[in-house]
There are 2 protein chains.
Amino acid sequence: MPEVQFTGSLSVLAPIAVAAARAVVSLPAAAARENNTFRKMTLVQHSPLFANVLPSEGREIVSAARECQFSRRDRIFLAGDPVRQVTLLTSGSAKIVQFGQSGTEVILGLKGPGDVVGALGVCPQDHHCSTAQALAASHALIWDTGVFETFSQRFPQLRRNITHILCQQLRELEERYREISTEKVSVRLSHQLVRVLNQLGRRVNGGLEIRLSREELAQLTGTTLFTVSRLLSDWNQRGIVSTRREAVSVHNFQALAELAEEE
Amino acid sequence: MPEVQFTGSLSVLAPIAVAAARAVVSLPAAAARENNTFRKMTLVQHSPLFANVLPSEGREIVSAARECQFSRRDRIFLAGDPVRQVTLLTSGSAKIVQFGQSGTEVILGLKGPGDVVGALGVCPQDHHCSTAQALAASHALIWDTGVFETFSQRFPQLRRNITHILCQQLRELEERYREISTEKVSVRLSHQLVRVLNQLGRRVNGGLEIRLSREELAQLTGTTLFTVSRLLSDWNQRGIVSTRREAVSVHNFQALAELAEEE
DNA sequence: GGAACTCTTTGCGCAAGAACAAAGACGTCC
DNA sequence: GGACGTCTTTGTTCTTGCGCAAAGAGTTCC
């Protein structure tokens, strides 16, 4: 397997436009580096962004990226910033939010490893209309939009993948939009939990767990943290979910899904 | 200008998968046909789908389409149908809807001349998850997905445009999602009116008019027709809009936009 | 022209859930 | 280990806007 060219040094040269992003400049031992490379490549190969892209091409594209890491709550980009980069999460997770007047916050989507964070398909001269914030310590590969655009031209499959990703996002948001305008809160919350658990849930002794606060669940569902808290407390007592501080886990996935039907 | 090859005959041969679509088989006089061609080409050239596509290429792509027309309320495709076609509206308008349980209907978006109706960027083996219905008598150009895919491969700009269109749609829905989860009905309705008027409003003696029923406005805004009716009656009395059966027109556009701020 | 249909208006009662408040649990940082 | 900060629970009150009903206005079709 050809050595992937590292860009740790490059990231020192290139201006880091991402707010709060710290370049990975710690120089690990060669073994750790090999290991990191391997992890990165396998992840990338499973990302929807690189679906049906040849491994050799994938490696070339990845080698042109620089690596960044984010701490929990770091902003990856801010609404209003010009779109300069394409960011592929390799670990951790992030939320895409918008703010209403009076500071109310809405979560438009969550991103996990293998997901592209940010405005795919936007004209480079456009501006972000959402803010992305890390939910946990995360790593990412970052390309400048110009560089990525060049790759898109050379590898048409890349652009096809982007189209597909956008389409997926649109469909999910359409589903959420339909729910928020027709279903009541309990149904929306249970559906949203199912979606989020499928996307980002982690296996924790026999159940799936998602690390989101009541408030974040409310912002995902279009309600208040109070209502979320009441519903979760209820479901907790009925044995459908188990609630923790800033986390919910589900053992009885079936019951959660059925919850939506009955109510 | 090279003659555009007509496909009126072709549409007789090709199986028409679109429900309720009637192929244009009336054979107009050559002059009318010329005129129609011209109208079609100028419209197409202004469609976001053909932005920055060479006129010659545009003509080739258009000549491979067949033409259909739809009457008001005709279904263009149904949720659950396999995605077989790409449909470009050349006149009229359509709504994209989804149904909740108990028959409640949500309008996810409206399409006008130059807009692509349907699932762009979906895998051909996928199925529609929305229904498209003509709001008025409409004409459209239709390509089979396979044919259109071939063009996308030959003309990369086409795929870039699709990406861009999807991105636009995503942004609009994100905006609507933010509004529906944070703003109250009056604000949402006034914003929605502004958006819809900009997209599909027709100049009617000094004002912009949109032909949507109270119920359709409610389905766009995520509320009931009663609430919409009350708000519009109020705004009508205050001289901000003028209401008609199945239509709203706005003379004081500014006031409508400001309405959103104050409340 | 008028019957039938659809769309719209308006009134009234009510419930879902938002807003607010206050206390309790959990985690963390000295 | 204890003080502080954040997150969560739970109670109470209150408002928005939904549900339903019934009358009114505008089309369409004989």
Side-chain angles (χ1 to χ4, degrees), chain A residues 71-73 95 100-107 133 135-137 179-190 192 209-238 241-249 260 262-263, chain B residues 71-73 95 100-107 133 135-137 179-190 192 209-238 241-249 263:
Chain A
S71 304
R72 183 163 141 88
R73 281 169 222 218
K95 60 180 176 182
Q101 55 250 46
S102 74
T104 52
E105 199 171 323
V106 176
I107 300 184
Q133 188 175 18
L135 287 170
E179 286 179 6
I180 203 175
S181 37
T182 59
E183 314 285 9
K184 49 189 198 182
V185 177
S186 61
V187 177
R188 272 146 50 197
L189 182 60
S190 65
Q192 190 62 54
E209 183 182 81
I210 182 73
R211 300 229 40 195
L212 290 170
S213 70
R214 307 290 181 274
E215 177 152 43
E216 284 165 331
L217 286 171
Q219 290 164 345
L220 268 170
T221 314
T223 181
T224 60
L225 77 158
F226 307 106
T227 304
V228 169
S229 175
R230 275 181 248 270
L231 284 168
L232 287 182
S233 296
D234 182 30
W235 297 348
N236 188 28
Q237 279 169 14
R238 290 160 62 181
V241 303
S242 47
T243 58
R244 290 199 312 122
R245 182 191 169 97
E246 296 192 289
V248 181
S249 60
E262 75 186 61
E263 309 216 31
Chain B
S71 304
R72 182 164 141 89
R73 282 171 222 215
K95 60 179 175 183
Q101 54 250 48
S102 75
T104 51
E105 200 171 322
V106 176
I107 300 184
Q133 188 175 18
L135 287 169
E179 285 179 5
I180 204 176
S181 38
T182 59
E183 313 285 9
K184 50 189 197 184
V185 176
S186 61
V187 176
R188 271 145 52 196
L189 182 60
S190 64
Q192 190 63 52
E209 182 181 80
I210 183 73
R211 300 230 40 196
L212 289 171
S213 69
R214 306 290 180 274
E215 177 151 43
E216 284 166 330
L217 285 171
Q219 290 164 346
L220 268 170
T221 315
T223 182
T224 60
L225 77 157
F226 307 107
T227 303
V228 169
S229 175
R230 274 181 250 271
L231 284 168
L232 287 183
S233 295
D234 181 29
W235 297 347
N236 189 28
Q237 280 170 14
R238 291 160 63 182
V241 303
S242 47
T243 58
R244 290 199 312 123
R245 183 191 169 96
E246 297 192 287
V248 182
S249 60
E263 310 217 26

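Quick note: numbers below take in every heavy atom, side chains included, and nothing from hydrogens, waters or symmetry partners. The chains referred to below are lettered A, B, ... by the order of the sequence lines, with proteins before strands, and numbering in each begins at 1.
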Task: From B:Leu217 atom CG to B:Ile107 atom CD1, the distance as rounded to the nearest 0.5 Å - done: 8.0 Å
- [ ] Of all the heavy-atom pairs spanning B:Arg188 and B:Thr221, show the shortest one and how long it is.
- [x] NH2-O, 3.0 Å
TODO: Give the B/S/- string for nucleotides 6-16 of chain D, one per nucleotide from 5' to 3', where a protein heavy atom under 4.0 Å of the base yields B, of only the sugar-phosphate yields S, and otherwise -.
DONE: BSSBBBB----
Task: Nearest heavy-atom neighbours spanning A:Val241 and A:Asn236 - done: O-OD1, 2.9 Å
Open item on the list: Under a plain distance cut-off of 3.5 Å, with no hydrogens placed, do B:Ser242 and B:Ser249 share a side-chain donor-acceptor pair?
Closed with: yes
- [ ] Return the angle between end axes of the helix from C:dG1-D:dC30 to C:dC30-D:dG1, with five pairs used per end and rounding to 10°.
- [x] 40°
Open item on the list: Run the side chain to side chain contact (heavy atoms under 4.5 Å, CB included) test against A:Ala247 and tell me which residues pass, sequence neighbours left out.
Closed with: A:Glu209, A:Arg211, A:Arg244
TODO: Quick one: list whatever passes side chain to side chain contact (heavy atoms under 4.5 Å, CB included) with B:Glu215, sequence neighbours left out.
DONE: B:Ser213, B:Gln219, B:Leu225
Task: Atom-pair distance (CD1 on B:Ile180; C1' on D:dG17), nearest Å - done: 13 Å
TODO: Considering only NZ, NE, NH1 and NH2 on the basic side and carboxylate oxygens on the acidic side, decide whether A:Glu105 and A:Lys95 come within less than 4.0 Å.
DONE: yes
- [ ] Using chain B heavy atoms and a threshold of under 4.0 Å, write down where along DNA chain C the contacts begin and end, 5' to 3'.
- [x] C:dT6 to C:dC12
Open item on the list: If the condition is side chain to side chain contact (heavy atoms under 4.5 Å, CB included), which residues does B:Ser181 pass it with, not counting sequence neighbours?
Closed with: A:Val106, A:Ile180, B:Tyr177
Open item on the list: Using a strict threshold of under 4.0 Å (side-chain N to carboxylate O), is an ion pair present between A:Asp234 and A:Arg238?
Closed with: yes
